[in-house]
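Chain letters run A, B, ... following the sequence lines, proteins first, then strands; residues in each count from 1.
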Amino acid sequence: MPCSTSVKVKDPTTHLEIVATPEKVFVIRNRGKEIKIGLFTSPKTGLKFRALLPPTYPCQE
DNA sequence: CTAATTCG
DNA sequence: CGAATTAG
């Protein structure tokens, strides 16, 4: 449980908009650009997918 | 293309 | 090992 902030993302599998917490959050900084990626799981298929989180996702602690 | 990470 | 994810 790295974060407990709910994020509203769209499931590419169901095309449904869900509000959930990312199971894992990685910050990818490439060439000085940092983007946050959240790993979610589709509640229907159980398929895991990644989505872009806001640059300042409330998950410092 | 490159970065980080996880799942299949 | 490859896919996927975003940005420039």
Nearest-Å distance for atom pair CD/P, residues E23(A) and dA4(C): 20 Å

Common cluster, F40(A)/F26(A), ILVMFWY with side-chain heavy-atom separation under 4.5 Å: no

Nearest-Å distance for atom pair CG/P, residues L53(A) and dA4(C): 19 Å

Distance, nearest 0.5 Å, that separates NZ of K24(A) from SG of C3(A): 10.5 Å

Whether T14(A) side chain and L16(A) backbone form a donor-acceptor pair below 3.5 Å: yes

Note, T21(A) side chain near V7(A) side chain (heavy atom, < 4.5 Å): no

Trace of the side-chain contact (heavy atoms from CB on, under 4.5 Å) decision for V9(A) with F49(A): CA-CA 10 Å; V9(A) 287; F49(A) 63 94; 4.2 Å; yes

Beyond-backbone contact of T41(A) with L47(A), side-chain heavy atoms, under 4.5 angstrom: no

Rounded interatomic separation in angstrom, taking CD1 from I35(A) and P from dA4(C): 16 Å

Distance in angstrom units between F49(A) CZ and dT5(C) C1', rounded: 11 Å

Same cluster (ILVMFWY, side-chain, under 4.5 Å), L52(A) and I28(A): yes

Spacing of L47(A) atom CG relative to dA4(C) atom P, expressed in whole Å: 12 Å

Sub-4.0 Å heavy-atom contacts from residues 8-18 of chain A onto DNA chain C, ordered by number: none

Touch class at under 4.0 angstrom, heavy-atom based, for L39(A) against every strand present: sugar-phosphate

P22(A) side chain near L39(A) side chain, heavy-atom distance below 4.5 Å: no

Span of DNA chain B in contact with chain A (heavy atoms, under 4.0 Å): dT2(B) to dC7(B)

Which residue lies more 5' along DNA chain B, comparing K48(A) with R29(A) via nearest heavy atoms: R29(A)

Residue pair I35(A) / P55(A), side-chain heavy-atom distance below 4.5 Å: no

Along DNA chain C (nearest heavy atom to each residue), the more 5'-positioned of I28(A) and K33(A): I28(A)

